[in-house]
Amino acid sequence: MLPFVAAVCAVLCSCGSARHAAAGANLNPVFVTDRATFHLLPTAMREKNIDAVQHISAKFGAREFESDCLLIADGEQLSLTMLNELGTTVGELNYNNDLVVFNTALFPSAIKAEYIVADVQFCLYRADALRAALEEIGLRFEVAAADGGETRRIFDGEKEIIHIEKTAERIAYTNVLRGYGYVLQGAF
């Protein structure tokens, strides 16, 4: 989810962009590691429907960022709408299985929308679907019950590269490999 956090954290040094990727297999793959490429999962693989405003705190290196965002995850789409302090939309990301649309004045143009979608999928999609997809590319996915929620971990060999702690009201995502993280607070 490097692009998501990097994008969020790079708010002040970015310019507007709109990017489109076409049909399923033609979407850009996400490099989870330098060699393992993940293809986005269908929206039907989500754990449950979500339609709620969340608060995000992100950190990438020395940069930090906080904002509200509307998160929609259902069988038709995965959507993030970033909001400023006044509730005005400042960025939108939509994924509908075949297309990723990313419009924003906040995110650097180098950020690939598929990376943001992948990070959200690692947090919110069914463990069995993620396990199968990640094992297919040579990575290991583990889920364990923890503190009223669960911990999700992605490994490259014995090295943990992504660590996710989830409860009903909070998701803490850390990409150990790429050096960024964020916390989403709301209703999950």
Side-chain angles (χ1 to χ4, degrees), residues 1-11 13-43 45-46 50 54 56-61 63-65 67 69-73 77-82 90-126 129-131 133-134 136-139 141 152-156 159-164 166 171-184:
M1 182 144 223
L2 175 63
F4 180 66
V5 175
V8 170
C9 294
V11 168
C13 26
S14 58
C15 57
S17 67
R19 287 172 295 209
H20 301 271
N26 294 325
L27 292 170
N28 293 321
V30 173
F31 283 85
V32 182
T33 69
D34 292 341
R35 63 167 181 72
T37 56
F38 175 78
H39 292 276
L40 299 178
L41 297 174
T43 56
M45 299 295 177
R46 79 218 176 278
I50 298 172
Q54 313 289 331
I56 183 170
S57 304
K59 185 173 182 176
F60 180 71
R63 294 182 176 164
E64 294 184 18
F65 175 79
S67 180
C69 68
L70 174 62
L71 171 63
I72 299 172
Q77 69 176 324
L78 176 62
S79 172
L80 287 166
T81 303
M82 299 298 294
V90 293
E92 294 180 293
L93 174 110
N94 292 289
Y95 167 65
N96 71 1
N97 298 317
D98 293 324
L99 184 70
V100 175
V101 178
F102 191 36
N103 296 307
T104 183
L106 294 179
F107 297 80
S109 59
I111 300 299
K112 292 182 181 165
E114 289 88 350
Y115 282 73
I116 299 169
V117 173
D119 280 354
V120 174
Q121 288 187 352
F122 295 153
C123 295
L124 299 178
Y125 278 39
R126 290 190 346 242
L130 288 165
R131 183 175 291 108
L134 291 166
E136 197 172 287
I137 61 172
L139 302 177
F141 181 73
R152 294 177 170 205
R153 300 169 73 193
I154 301 173
F155 292 87
D156 184 11
K159 182 179 180 183
E160 182 181 33
I161 58 172
I162 295 174
H163 185 95
I164 301 163
K166 292 178 58 173
I171 296 175
Y173 177 100
T174 304
N175 189 314
V176 179
L177 182 65
R178 307 286 188 211
Y180 68 92
Y182 65 90
V183 174
L184 277 171

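FYI, the numbering just counts along the sequence from 1. Owing to the predicted nature of the structure, the values given are computational and were not obtained by experimental measurement.
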query = Just by modelled atom types, is the Leu99 backbone N or O under 3.5 Å from a matching donor or acceptor in the Asn96 side chain?
reply = yes
query = Just wondering, do Lys59 and Phe65 contact through their side chains at under 4.5 Å, heavy atoms?
reply = no
inquiry  = Tell me if a side-chain donor or acceptor on Lys166 pairs with a main-chain N or O of Ala172 at a distance below 3.5 Å.
reply    = no
task = Using modelled atom types only, decide if a donor and an acceptor are shared between the side chain of Thr81 and the backbone of Leu93 within a distance under 3.5 Å.
result = no
message = If you count heavy atoms of other groups shown closer than 6.0 angstrom to CD of Gln77, is the number above 12?
response = yes
key: Whether Tyr173 side chain and Val120 backbone form a donor-acceptor pair below 3.5 Å   = no
query = With side chains defined as the heavy atoms from C-beta onward, is the minimum distance between Val117 and Leu78 less than 4.5 Å?
reply = yes
ask   = Are Ile161 and Thr33 close enough that some pair of their side-chain heavy atoms sits under 4.5 Å apart?
value = yes
request  = Spell out, as yes or no, whether a donor-acceptor pair under 3.5 Å connects the side chain of Asn97 to the backbone of Thr43.
outcome  = yes
inquiry  = Contact between Cys123 and Tyr182 at the side-chain level, heavy atoms closer than 4.5 Å - yes or no?
reply    = yes
inquiry  = One pair to check against side chain to side chain contact (heavy atoms under 4.5 Å, CB included): Leu177 and Lys159. What are the steps and the verdict?
reply    = CA-CA 9 Å; Leu177 182 65; Lys159 182 179 180 183; 3.9 Å; yes
ask   = Are Ile162 and Val176 close enough that some pair of their side-chain heavy atoms sits under 4.5 Å apart?
value = no
ask   = How many angstroms lie between CD1 in Ile164 and OG1 in Thr174, if you round to the nearest 0.5 Å?
value = 9.0 Å
ask   = Which one of Leu41, Leu134, Val30 satisfies the side-chain contact (heavy atoms from CB on, under 4.5 Å) criterion with Phe122?
value = Leu134
inquiry  = A side-chain contact here means heavy atoms from C-beta on lying under 4.5 Å apart; do Val32 and Asp156 qualify?
reply    = no
key: pair Leu184-Cys69: side-chain heavy atoms closer than 4.5 Å   = yes
inquiry  = In the structure I gave you, are the side-chain heavy atoms of Met82 and Ile56 within less than 4.5 Å of one another anywhere?
reply    = yes
